[in-house]
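Since the structure comes first, as structure tokens, the remarks are kept for the end.
These values consider heavy atoms only, across backbone and side chains, with no hydrogens, waters or symmetry-generated copies.
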Amino acid sequence: MNQTLNQTVAQTPKPPQTADASSGSGLKIHHIGYLVKKMDAAMDSFLRLGYTVSRDTVYDSIRNIHICFMEKDGYTIELISPSDSTSVAAGLMKKYKNSPYHICYETQDLDDMLARLTAGGYAAIDAPAPAPALDGRRVVFLVSPFLGMIELLETC
């Protein structure tokens, strides 16, 4: 059976490793966004798993959400909780419940990367805007029909 599996794996075509205009070269993972209904309960649960708070909870008035960053073993998660039913995250909460829902990538040139990704099939769901929880650096959210939602974050 292992021989059959090895032959199948060897025959499986690999995607091309090219650096075309839509490639993600220059992207570094910053955090995983985790949607939560109750911020305090979610923070407590992550603390019990060994996470530490790396940035206290802040209110983002642009998106009407509360955000807290936590870390463990070199990984950062962003807890996002809708402030009320008018929040951009309130609709996501109905669909995803408490769950991870985006990966944030840092990029040195947000405008260039946004153009490259949209040319490569991603759809921007908002315009670049400052993120209060990230020292006012600009962010933009995009959706891929194959990967779901990602966030681009401008580097310092």
Side-chain angles (χ1 to χ4, degrees), residues 5 9 14-15 17 19 22-118 120-156:
L5 179 60
V9 170
K14 305 233 186 288
Q17 300 295 316
S22 65
S23 76
S25 60
L27 293 177
K28 178 184 172 193
I29 294 176
H30 184 269
H31 67 262
I32 296 172
Y34 207 104
L35 192 60
V36 299
K37 185 172 185 175
K38 297 182 180 181
M39 181 65 78
D40 290 341
M43 287 175 65
D44 185 53
S45 293
F46 278 107
L47 288 169
R48 282 183 276 156
L49 291 172
Y51 284 79
T52 59
V53 175
S54 58
R55 284 193 176 225
D56 288 327
T57 304
V58 297
Y59 175 68
D60 181 336
S61 61
I62 297 169
R63 295 161 190 89
N64 202 18
I65 55 177
H66 295 280
I67 297 172
C68 174
F69 285 93
M70 302 185 80
E71 294 180 357
K72 180 175 174 40
D73 302 330
Y75 293 93
T76 301
I77 59 169
E78 174 191 39
L79 302 181
I80 302 107
S81 181
S83 179
D84 60 34
S85 62
T86 66
S87 165
V88 295
L92 295 172
M93 196 77 214
K94 290 177 185 174
K95 181 176 182 177
Y96 297 114
K97 308 289 184 219
N98 294 318
S99 67
Y101 75 104
H102 78 265
I103 298 177
C104 177
Y105 297 94
E106 239 178 340
T107 180
Q108 290 187 4
D109 189 337
L110 185 128
D111 297 315
D112 177 64
M113 187 57 69
L114 174 59
R116 289 169 50 192
L117 290 175
T118 54
Y122 283 80
I125 60 173
D126 60 2
L134 293 164
D135 304 319
R137 293 191 280 165
R138 292 184 312 148
V139 299
V140 63
F141 287 86
L142 301 102
V143 175
S144 161
F146 307 108
L147 300 179
M149 190 181 302
I150 66 166
E151 177 182 18
L152 291 181
L153 167 64
E154 189 171 51
T155 55
C156 300

Let me confirm one number: the CD-OH distance from E78 to Y34, rounded to the nearest 0.5 Å.
13.5 Å
Do you know the tightest heavy-atom contact between P130 and R63?
O-NH1, 3.2 Å
Any donor and acceptor pair, going by atom type alone, linking the side chain of D60 with main-chain N or O of I62 inside 3.5 Å?
yes
Could you list the residues that satisfy salt bridge (Lys or Arg N to Asp or Glu O under 4.0 Å) with D84, not counting sequence neighbours?
none
What distance do M43 atom CE and C68 atom SG have between them, rounded to the nearest 0.5 Å?
4.0 Å
Looking at residues at least two apart in the chain, or sitting in another chain, which of them share a salt bridge (Lys or Arg N to Asp or Glu O under 4.0 Å) with D40?
none
Compare all side-chain heavy atoms of M93 with those of N98 and state whether any distance is below 4.5 angstrom.
yes
Over all heavy atoms of both residues, which pair between P145 and G121 is shortest? Give the atoms and the distance, please.
CD-O, 3.9 Å
Looking at F141, is its backbone amide N or carbonyl O close enough to the side chain of D126 to form a donor-acceptor pair, meaning the two atoms are under 3.5 Å apart?
yes
For I80 and G33 the tightest heavy-atom approach is CD1-CA, 3.8 Å
Can you measure from NE2 (H30) to CZ (F69) and round to the nearest 0.5 angstrom?
6.0 Å
Rounded distance [0.5 Å steps], CD1 in I77 versus CD1 in I32:
8.5 Å
State, to 0.1 Å, how close V140 and A127 come at their nearest heavy-atom pair, and which atoms those are.
CG2-C, 4.0 Å
Which side-chain N or O atoms in residues 146-156 pair as donor and acceptor under 3.5 Å with protein atoms at least two apart or in another chain?
residue	atom	partner	partner atom	Å
E151	OE1	H31	NE2	3.2
E151	OE1	H102	NE2	2.9
E154	OE1	R138	N	3.3
E154	OE1	R138	NE	3.4
E154	OE2	R138	NE	3.2
E154	OE2	R138	NH2	3.0

To the nearest 0.5 Å, what is the distance between OG on S81 and CD1 on I67?
10.0 Å
Closest non-hydrogen contact found for L49 with K72 is O-CE, 3.1 Å
R116 side, atom CZ; D109 side, atom CG - distance, nearest 0.5 Å
9.0 Å
How are the rings of H66 and Y59 set to each other: parallel, tilted or perpendicular (split at 30° and 60°)?
tilted
Student check: side-chain heavy atoms of V58 and D56 closer than 4.5 Å
no
